[in-house]
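Convention: sequence-line order gives letters A, B, ...; per-chain numbering from 1. Just so you know, these numbers come straight off a predicted model, no measurement behind them.
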Protein chains: 2
Amino acid sequence: MFVVLLAVSSLDGRITRPGESGPGFASPEDQAWFSAALRGFDCAVMGRATFDTIREQVAAETGRRRLRVVITRAPATHAAEARPGLVEFTAEEPRAIVAGLRARGFRQCALLGGGQIYRAFLDAGLVDAMWLTVEPVVLGGGTPLADGVVTPAHGRFVLEEMRLLAPSTLLLNYRRPDRPPLRLPEP
Amino acid sequence: MFVVLLAVSSLDGRITRPGESGPGFASPEDQAWFSAALRGFDCAVMGRATFDTIREQVAAETGRRRLRVVITRAPATHAAEARPGLVEFTAEEPRAIVAGLRARGFRQCALLGGGQIYRAFLDAGLVDAMWLTVEPVVLGGGTPLADGVVTPAHGRFVLEEMRLLAPSTLLLNYRRPDRPPLRLPEP
């Protein structure tokens with residue numbers, strides 16, 4: 001199973017504006033790219049705060065979509081909105097989550113943040129690729145892409161592809177040095 | 001006068017490793033680019049901590065080079081190493097520094113950091129262009145590119161050019177939306 005970190009970041013590595021939740025600075029082109037890119041994934045992992053920003057959208061979905069795994073310290077409090085195979089809540093560590101998804105046959109897992117989740121999976125060496133949108137803005141505050149120090153050996157990547165989503169919006173595809181490339185889906 | 005912010009950053013917008021000073025993660029290709037690029041500038045502005053990392057190199061120089069303006073809260077304590085026109089120490093605000101350099105006829109000013117200096121000039125709307133090297137590493141700690149919130153209206157840029165310095169090292173040229181482009185020097 002491939003784990004791909006998807007994020008939209010400012011030029012200075014922030015994934016939210018100061019005092020906000022969610023990437024309010026993301027361009028329409030990034031939002032369109034992100035929705036399209038997600039279709040290629042059969043599961044997605046995110047923190048509870050990130051899930052909060054898409055909860056209503058997920059609840060309104062009809063038909064089968066990808067599994068969403070939501071990391072929370074208190075999975076039991078979310079029992080009422082859990083739908084096994086569609087929305088699951090867990091307090092497991094990143095390594096156990098990835099092992100569990102792999103054992104269930106999932107093939108491509110999107111890691112959707114926030115900064116603490118990104119950091120935990122990066123630090124554990126579990127991120128195979130990063131599809132990073134870089135918007136042309138310097139914020140100087142807000143949630144960092146990696147919210148906490150990352151083990152240096154797990155923080156090194158190889159640039160595989162780059163693409164312009166808009167005249168000033170870059171999409172960068174990095175992979176772990178020891179992993180095969182995973183090409184970006186066609187626009 | 002053009003003010004160009006030059007920096008090498010991690011993928012997550014850090015300009016130093018955690019607990020370090022100076023960009024220890026910069027590739028040899030970035031270091032070569034940076035030295036070559038500086039030759040096009042007739043002055044450079046930096047904080048005292050950044051000056052500390054090049055002090056011996058500056059002292060050993062023979063012949064006329066660019067003016068270095070070093071920002072410090074206590075310029076008087078550096079009187080012994082000041083050399084008017086070559087190394088000057090100041091406690092002035094960014095706007096006064098830029099106005100003073102412009103009045104003296106300087107044409108191209110390199111802004112060399114660190115994160116608080118970058119932030120102060122960005123926040124004041126004084127950065128005309130950014131030549132940003134992005135190394136393929138996630139750090140999760142260390143000094144941020146902009147060490148403090150930047151006024152949103154002054155944080156927006158336009159991507160003008162991109163270049164690969166090495167297979168995984170990007171060089172990005174951004175400009176302020178209301179400023180003409182300043183092309184990167186030829187490799």
How long is the span from the CG atom in A/L172 to the CG atom in B/L172, to the nearest 0.5 Å?
->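 Nearest 0.5 Å value for the CG-CG distance: 7.5 Å.
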Rounded distance [0.5 Å steps], CE in B/M162 versus CG in A/L170 =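 The distance works out to 5.0 Å.
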Count the heavy-atom pairs under 4.5 Å between each of [options] and chain B, then report the option with the highest count.
options: A/G141, A/S168, A/G13; result: A/S168
options: A/L145, A/V150, A/V158, A/D123; result: A/V150
options: A/T151, A/V138, A/T169; result: A/V138

Given that the side chain runs from C-beta out, which part of B/P167 has a heavy atom under 4.5 Å from chain A: side chain, backbone, both or neither?
->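 When you check distances to chain A, only backbone atoms of B/P167 fall under 4.5 Å.
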Relative to chain A, which segment of B/R14 carries a heavy atom at a distance below 4.5 Å: side chain, backbone, both, or neither?
->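 The side chain, not the backbone.
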Check each atom of [X] against the heavy atoms of chain B and say whether the ones under 4.5 Å are side chain, backbone, both or neither.
X: A/L139; result: backbone
X: A/R156; result: both
X: A/Y174; result: side chain
X: A/I15; result: neither

Shortest non-hydrogen separation from A/L159 to B/L164 and the atoms involved |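 The answer is CD2-CD2, 3.8 Å.
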Close side-chain approach of B/V134 and A/V134, heavy atoms under 4.5 Å =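 No - every pair of side-chain heavy atoms lies 4.5 Å or more apart.
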